[in-house]
Amino acid sequence: DQQVKQNSPSLSVQEGRISILNCDYTNSMFDYFLWYKKYPAEGPTFLISISSIKDKNEDGRFTVFLNKSAKHLSLHIVPSQPGDSAVYFCAASETGGFKTIFGAGTRLFVKA
Amino acid sequence: NAGVTQTPKFQVLKTGQSMTLQCAQDMNHEYMSWYRQDPGMGLRLIHYSVGAGITDQGEVPNGYNVSRSTTEDFPLRLLSAAPSQTSVYFCASSIRDYHTGELFFGEGSRLTVL
């Protein structure tokens, strides 16, 4: 039973265009959401996060949108760059809990 | 600043052998955890610790043991390795307010069980 789902295993985008990565969750107790980026042979690194009291958080080229009613969040990268090519993991946690649950990841290819 | 250090980076075991994956962090983080990454499954939590002397199970704890005798170290033990434990293992740490704190990951340990 996957509580955090990333249904697109891969995504290919042209350099300069927008990349949109999607994530759905089933546990209504999740109230904090994070995105991590992972390059081959490296550990994941934190990218951006959002609290459930917000519906948008922006950091430079990266914006995360949260739709609580749909239990859906998305990561927008604008403009996409070849260096953004990596695996992106969506993750979620809940207040008082000690577990961060990750999705299966989406591999992003940004073509030059 | 080393961050989170994992050893070994690569290991090949035979079924039934035991081994320990080492994890050390130098950021004085209270929270530490172990994940495994498998194709199509993402990162799954094995065990975690919220401080020295305190550990608990994650999503997939069977076949693994942990202990936390110091703040810095959080070793993961495989008592009797099985081919299903072939995976890439990541150790991660976070500040005490882990709920909203980002996880800092090590570079991973690739384990193959024959």
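These numbers were taken from a predicted model, which means no experiment stands behind them. Below, read A as the first sequence line, B as the second, and so on, with proteins coming before strands; counting in each chain starts at 1.
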Heavy-atom distance under 4.5 Å to chain B: side chain of [X], backbone, both or neither?
X: A/Ala91; value: neither
X: A/Tyr36; value: side chain
X: A/Pro9; value: neither

Checklist entry - Hey, which of A/Glu42, A/Gln2, A/Gln6 has the most heavy atom pairs under 4.5 Å with chain B? => result A/Glu42
Next on the checklist: Tell me which of these, A/Gly43, A/Gly105, A/Gly103, A/Pro44, has more heavy-atom pairs under 4.5 Å with chain B than the rest.
Outcome noted: A/Pro44
Which atoms of [X] approach chain A - backbone, side chain, both or neither, heavy atom under 4.5 Å:
X: B/Tyr35; result: side chain
X: B/Leu45; result: side chain
X: B/Gln37; result: side chain

Next on the checklist: Could you walk me through whether B/Glu107 and B/Lys9 satisfy the salt bridge (charged side-chain N to carboxylate O under 4.0 Å, His left out) test, starting with their C-alpha distance in whole Å, then the side-chain angles of each, then the deciding distance to 0.1 Å, before giving a yes or no?
Outcome noted: CA-CA 8 Å; B/Glu107 293 186 339; B/Lys9 288 188 169 25; 3.6 Å; yes
Next on the checklist: Please confirm whether the ring centroid of B/Tyr64 lies under 6.0 Å from the ring centroid of B/His47.
Outcome noted: no
Item to check | Donor-acceptor pair between A/Asp24 and A/Thr26 side chains, under 3.5 angstrom | outcome: no
Checklist entry - Checking A/Ser8 side chain against A/Ser10 main chain: does a donor-acceptor pair fall under 3.5 Å? => result no
Next on the checklist: For the backbone of B/Thr86 and the side chain of B/Thr112, can you confirm whether one donor and one acceptor N or O come within less than 3.5 Å of each other?
Outcome noted: no
Next on the checklist: Restricting to non-hydrogen atoms, name the atom on B/Pro75 and the atom on B/Thr20 that form the minimum distance, rounded to 0.1 Å.
Outcome noted: CB-CG2, 3.7 Å
